[in-house]
Amino acid sequence: MKGMFLTLEGVDGAGKSSHLEWLAAWFRSRGRVVRMTREPGGTPVGEKLREIVLHEPMHAETEALIMFAARREHIERIIRPALAAGEVVISDRFTDASFAYQCGGRGLAEARLEVLEAWVHADLQPDLTLLFDLPTEIAARRLATARSPDRFEREEADFHARVRAAYLRRAERHPERIRVVDGSQGLEAVRAQLLAILESLP
Ligand code: TYD
């Protein structure tokens with residue numbers, strides 16, 4: 001079987017994590033081997049970088065470079081081997097998050113990240129990206145109940161609105177792989193949307 005690379009994206013509080021297990025179960029029920037992973041993180045080095053980037057104050061460019069450093073390791077050690085073995089790789093976030101958070105949120109030039117993207121994974125893109133989208137006020141309300149928020153979750157409302165807008169621009173630019181899911185609905189309704197997307201896969 002051919003490997004498949006699936007990524008989940010969305011603003012903090014969009015609810016993507018609630019659907020991870022269900023998505024994995026869907027693929028497993030079709031006989032696929034599923035590798036679940038996340039960014040930043042996914043490897044021992046990546047998880048250490050995650051701790052740093054989520055909690056230590058730093059320059060926006062340092063933040064972007066750490067995201068791509070962790071990604072380099074992730075691709076080498078986890079993503080490529082799993083795809084080569086024919087597995088379905090489901091990553092909770094990937095490079096679209098860098099364009100949304102570091103460019104949209106922090107204001108870095110997209111040209112900067114395009115250089116890093118070409119360096120780190122010129123010949124690899126997700127086969128499918130599920131973008132969980134919802135008004136940021138709803139996401140903020142969901143996050144308000146979350147345990148100890150990280151540096152990104154603590155950002156002000158404007159930051160999250162810019163992140164959302166950047167994600168939606170990216171979806172417009174890459175309609176061949178990014179599918180927008182209305183994350184403002186309840187669990188069952190979101191699941192119905194996901195099912196429709198999965199069943200339409202070639
Ligand atoms: P998140 O998936 O929200 O983790 P959790 O559900 O455990 O809170 O991811 C951590 C944060 O990292 C999230 O706020 C977005 C941010 N991030 C970036 O800013 N750039 C990136 O390239 C990636 C992968 C994540």
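Atoms within a ligand are numbered from 1 in the order they appear, just like the ligands themselves.
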#### Entry: ligand 1 atoms in contact with Leu54 (distance to a heavy atom under 4.0 Å)
10 (C), 11 (C), 12 (O)
### Task
Number the atoms of ligand 1 from 1 as they appear, then name those within less than 4.0 Å of a heavy atom of Lys16, with their elements.
2 (O)
### Query
In the protein, what heavy atom is nearest to atom 23 (C) of ligand 1, and what distance, to one decimal place, separates them?
Ala97 CB, 3.6 Å
## Note on the structure
Closest to atom 20 (N) of ligand 1 (heavy atoms only, candidates Gln102, Glu39, Arg50) is Gln102
### Query
Of all the atoms in ligand 1, which lie at a distance below 4.0 Å from a heavy atom belonging to Phe152?
11 (C), 12 (O), 14 (O), 16 (C), 19 (O)
### Query
Does Phe68 have Arg71 sitting over its ring (NZ/CZ under 6.0 Å from centre, angle to axis within 45°)?
yes
### Close-contact set for ligand 1 against Asp12 heavy atoms, below 4.0 Å
3 (O), 13 (C), 14 (O)
### Task
Could you name the option among Arg154, His160, Met67 that has the heavy atom nearest to atom 21 (C) of ligand 1?
Met67
### Message
I'd like to know whether ligand 1 has Thr95 as a neighbour, heavy-atom separation below 4.0 Å.
### Response
no
### Message
Run His19 and Phe132 through ring-ring contact (aromatic ring centres under 6.0 Å, His included) and show every step you take.
### Response
CA-CA 10 Å; His19 301 283; Phe132 291 77; 5.5 Å; yes
### Task
Taking the six-membered ring of Phe27 (Phe, Tyr or Trp), confirm whether the NZ or CZ of Arg32 is under 6.0 Å from its centre and within 45° of its axis.
no
### Query
Does an N or O anywhere in Arg93 fall below 3.5 Å from an N or O of ligand 1?
yes
### Query
Does one side chain, of Gln125 or Glu176, offer a donor that lies under 3.5 Å from an acceptor on the other?
no
### Message
I'd like to check which ligand 1 atoms, numbered from 1 as shown, lie under 4.0 Å from a non-hydrogen atom of Asp92.
### Response
2 (O)
### Message
Out of all atoms in ligand 1, which are within 4.0 Å of some heavy atom of Arg71? Include the element for each.
### Response
22 (O), 24 (C)
### Task
Say whether Glu153, considering both its backbone and side-chain N or O atoms, lies within less than 3.5 Å of an N or O atom on ligand 1.
yes
### Message
Using a 3.5 Å cut-off on N or O atoms only, is Arg38 in polar contact with ligand 1?
### Response
no
### Task
Provide the number and element of each atom of ligand 1 under 4.0 Å from a heavy atom of Pro40.
12 (O), 23 (C), 24 (C), 25 (C)
### Query
Does Arg28 make a cation-pi contact with Trp26, if we ask for NZ or CZ under 6.0 Å from the ring centre and within 45° of the axis?
no
### Task
Check whether the side chains of His74 and Glu39 place a donor and an acceptor atom closer than 3.5 Å, and report yes or no.
yes
### Message
Quick check on the hydrophobic clustering: are Val89 and Leu198 connected, directly or via other members, by side-chain heavy-atom contacts under 4.5 Å?
### Response
no
### Message
Quiz question: by atom type and distance under 3.5 Å, do the side chains of Arg177 and Thr129 form a donor-acceptor pair?
### Response
yes
#### Entry: Heavy atom of the protein closest to atom 6 (O) of ligand 1 (residue, atom name, distance)
Ser17 OG, 3.9 Å
### Task
Compare every heavy atom of Leu113 with every heavy atom of Cys103, then report the nearest pair and how far apart it is.
SG-CD2, 3.8 Å
### Query
Is it true that the NZ or CZ of Arg106 lies under 6.0 Å from the centre of Tyr101's six-membered ring and within 45 degrees of the ring axis?
no
### Query
Considering only protein heavy atoms, which is closest to atom 22 (O) of ligand 1, and at what distance to one decimal place?
Ser98 OG, 2.5 Å
